[in-house]
Amino acid sequence: MKKISILLIITIGLFACNKPENQQKEIDASAHLEKSVDSVLVLMTLDEKIGQLNLLTSDWDVTGPTMRSDYEDLIRNGQLGNIFNAFTVAYVRKLQKIAVEETRLKIPILFGYDVIHGHKTIFPIPLGESASWDLKAIENAARVSAIEAAASGINWTFAPMVDIARDPRWGRIMEGAGEDTYLGSEIAKARVKGFQGDDLSDPLTVMACAKHFAAYGAAQAGRDYHTVDISEITLRNVYLPPFKAAVQAGVGSFMNSFNELNGIPATANHLLLKKILRQEWGFTGIVVTDYTSINEMVPHGYAVDEKHAGEMAFNAGTEMDLQGSVYHTYMKVLLAENKINIEDIDMAVKNILRKKFELGLFDNPYKYLDEEREKKLIYAPEHLEAARDMARKSMVLLKNEKQLLPLGENIKKVALIGPLAGTKKEVLGAWRAAGDDNKTTSLLEALQQKNNIKVDYVKGCEIVGNDKSGFNNAVKAAKSADVVILALGESADMSGEAASRADISLPGVQTDLLKEIVKTGTPIVLVLMNGRPLVITEESELANAIIEAWFAGTMAGPAIVDVLWGDYTPSGKLTATFPRSIGQIPIFYNMKNTGRPMNEGKYTSKYLDEKNEALYPFGYGLSYTSFEYKNLQLSESQWSDSLIVSVELSNTGNFDGEEVVQLYLHQKVGSITRPVRELKAFKKIMLKKGETQTLKFKLTANDLMFYNAKLEYIAEDGNYEVFVGGNSMADLKADFIFKSASK
Ligand code: NOJ
């Protein structure tokens, strides 16, 4: 025995000597960290351990039904180790002080908050940001959000939401990166990096949380919290990759989803939590429930009562109980009854303590709490500028008849009409965090600040309701204007959590208002502000130009004006399909072909009363300039190692502009049927007018891999097509054969 350990020490020593210095430093740091964690754990009573697994809301913000308000006493008793919805340095200090000055072990509190697209300075909703396809800008938006949140005392954000969403009825589609797995994975990494930076202990970073694990976006019929029943193949090929990407980017925590997955609630799902997350992906961070999702296993019909629910959630690997108080109430009894074991409790506590150490809270529990810093950083001018830039980049030009946009010097009089034109509230979206309406610049205000134009503003109607009494004034204003800017859409609370819609057309009488204004003959620029793809088939015929502006955040107004007058040439591309009609949903670009692809014949896969195609497909978006793709070439027609795809892109229009060049693959025959095409790479590039560039993409076997029927992750030999272009319907195509090297 002794010999073995001596040998082991020598081997480890030798091994360690051979390691490059950096690696060795990392190993030492991690050993030191584990020692520190253990040194706290060993002092803890069972009650204190359970306290670390408890996360409760403060009463400062409400993001769900609140259950208890005695949290200050709980902190004092070591029964509450984590708090969310509390912010500002003063308030966080008050709570942290109780933890570090009035409890036995002085373990600092983790402060969480839903900083989804900004803390005070609000960026566009995540679906909007994703339409920029600009990973650097998205990372920066998360960075700025982290800086403001951290300056406000927060050290943990419940973001990014990385759920793939293929159903626009689902209100939470606004909170993610849209329908595509590859793009969603890239954005997941960018957001995690943005929030966490390189070093969690930096007081201007916050720990991120990948949510909602998993397949929440596949809710039946787009109704929030609804059942999810999908194959494990679809789960692994479509819904899980963004979560895995988040793990690879070093995300510190995961949040369960509310839904059941194939009969088992995600909160107690061994396959997700133990097998995939811990064993396959090696995740060592914290797994937290969603809001009372343990308790909800009772109405799910999966647990007899909350105690039973707690047992199943904990044994499946759910470690921290957000707002449910189930662990707080039942964990001791469950342990006494041998339904759960102390080793698992210790492991869960260690995972939490480790993050508190990594955040530097043990070194200095007040490190996030600096009044001066808070004052200086909240709404800092550079943050507002970043929000404006992100907002412009998020906007998608859907239509531009006769080059109505950008508006020029000939426009002297603008009729600004619509229920969203003057709003400072709706533009912040459903996850506005601590965002302040009064700091928002509305479209109306931004237009009024613009020189040399006269603005006639008429609301016309409300977002909802049947009142048309404002129509006359709107028509009057339109008649005497050079152009109408018509701001229509949804209210912020029509998307987000618990905000699914069965009818995703423009609510109220907004379309009727548009029809009345069309009669005046004045050209109309429709500016849409909304949290999801809408069915706007009729409106797309009536308006002369359409800009999808989403809920663009604090700087919505100036950003829209920048785009309208061409101070910024739009470059956004949709990341979720806009259907022609509600009956087409779910509709997404990477569908399967069926055995009877649509054609003129009767017995093919189609609708009798609607086209199969989307109104605006994934990846679609116009620019003020135009782009031409040609000369698609492959370095080989048959390969096993790698392939270079090159294409020539020319800016053929009259403006400098950016284009998102998209590359899609199609495996023509597979061991299971494969999507008609899948995004595998993209580049966003700026071309001056008249400029041509040759772009190159390198493909490797990795880009062909997917989970087959045996759940093996493989690339299959065979024939493939590659498409390159400016949207998911791109028709420039080349063929290749892939043959793996091992055969
Ligand atoms: C419920 C939401 O589903 C989740 O995304 C959020 O983080 C929590 N509430 C906390 O507010």
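Counting starts at 1 for both ligands and their atoms, in listed order. One is the number of the first residue; the rest follow in order along the sequence.
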Exercise. Trp170 and Tyr216: ring pair (Phe, Tyr, Trp, His ring centres under 6.0 Å), yes or no, with the steps?
Worked result: CA-CA 10 Å; Trp170 190 52; Tyr216 186 34; 4.9 Å; yes
For this session: Mind running ring pair (Phe, Tyr, Trp, His ring centres under 6.0 Å) on Phe618 and Trp133 for me, showing each step along the way?
Result: CA-CA 12 Å; Phe618 175 85; Trp133 296 60; 5.5 Å; yes
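An N or O contact shorter than 3.5 Å links His212 to ligand 1 by distance. Some N or O of Asp114 is nearer than 3.5 Å to an N or O of ligand 1, by distance alone. Of the N or O atoms in Arg172, one or more lie within a sub-3.5 Å distance of an N or O in ligand 1. Between Asp290 and ligand 1, at least one pair of N/O atoms sits closer than 3.5 Å.
The closest approach between a heavy atom of Met255 and any atom of ligand 1 is below 4.0 Å. Contact annotation: Gln323 has no heavy atom less than 4.0 Å from any atom of ligand 1.
Under the ring pair (Phe, Tyr, Trp, His ring centres under 6.0 Å) rule, Phe87 has a single partner from Tyr113, Trp156, Phe111, Tyr368, which is Tyr113.
Under the 6.0 Å distance and 45° angle rule, Arg166 counts as a cation-pi partner of Phe588.
Taking every non-hydrogen atom of Phe158 and a distance limit under 4.0 Å, the qualifying atoms of ligand 1 come out as 7 (O). Of all atoms in ligand 1, listed by their number and element, those nearer than 4.0 Å to a heavy atom of Lys211 are 4 (C), 5 (O), 6 (C), 7 (O).
For Glu319 and Asn351, the side-chain atoms include at least one donor-acceptor pair closer than 3.5 Å.
By the 4.0 Å N-to-carboxylate-O rule, Glu129 lies too far from Lys393 to be salt-bridged with it.
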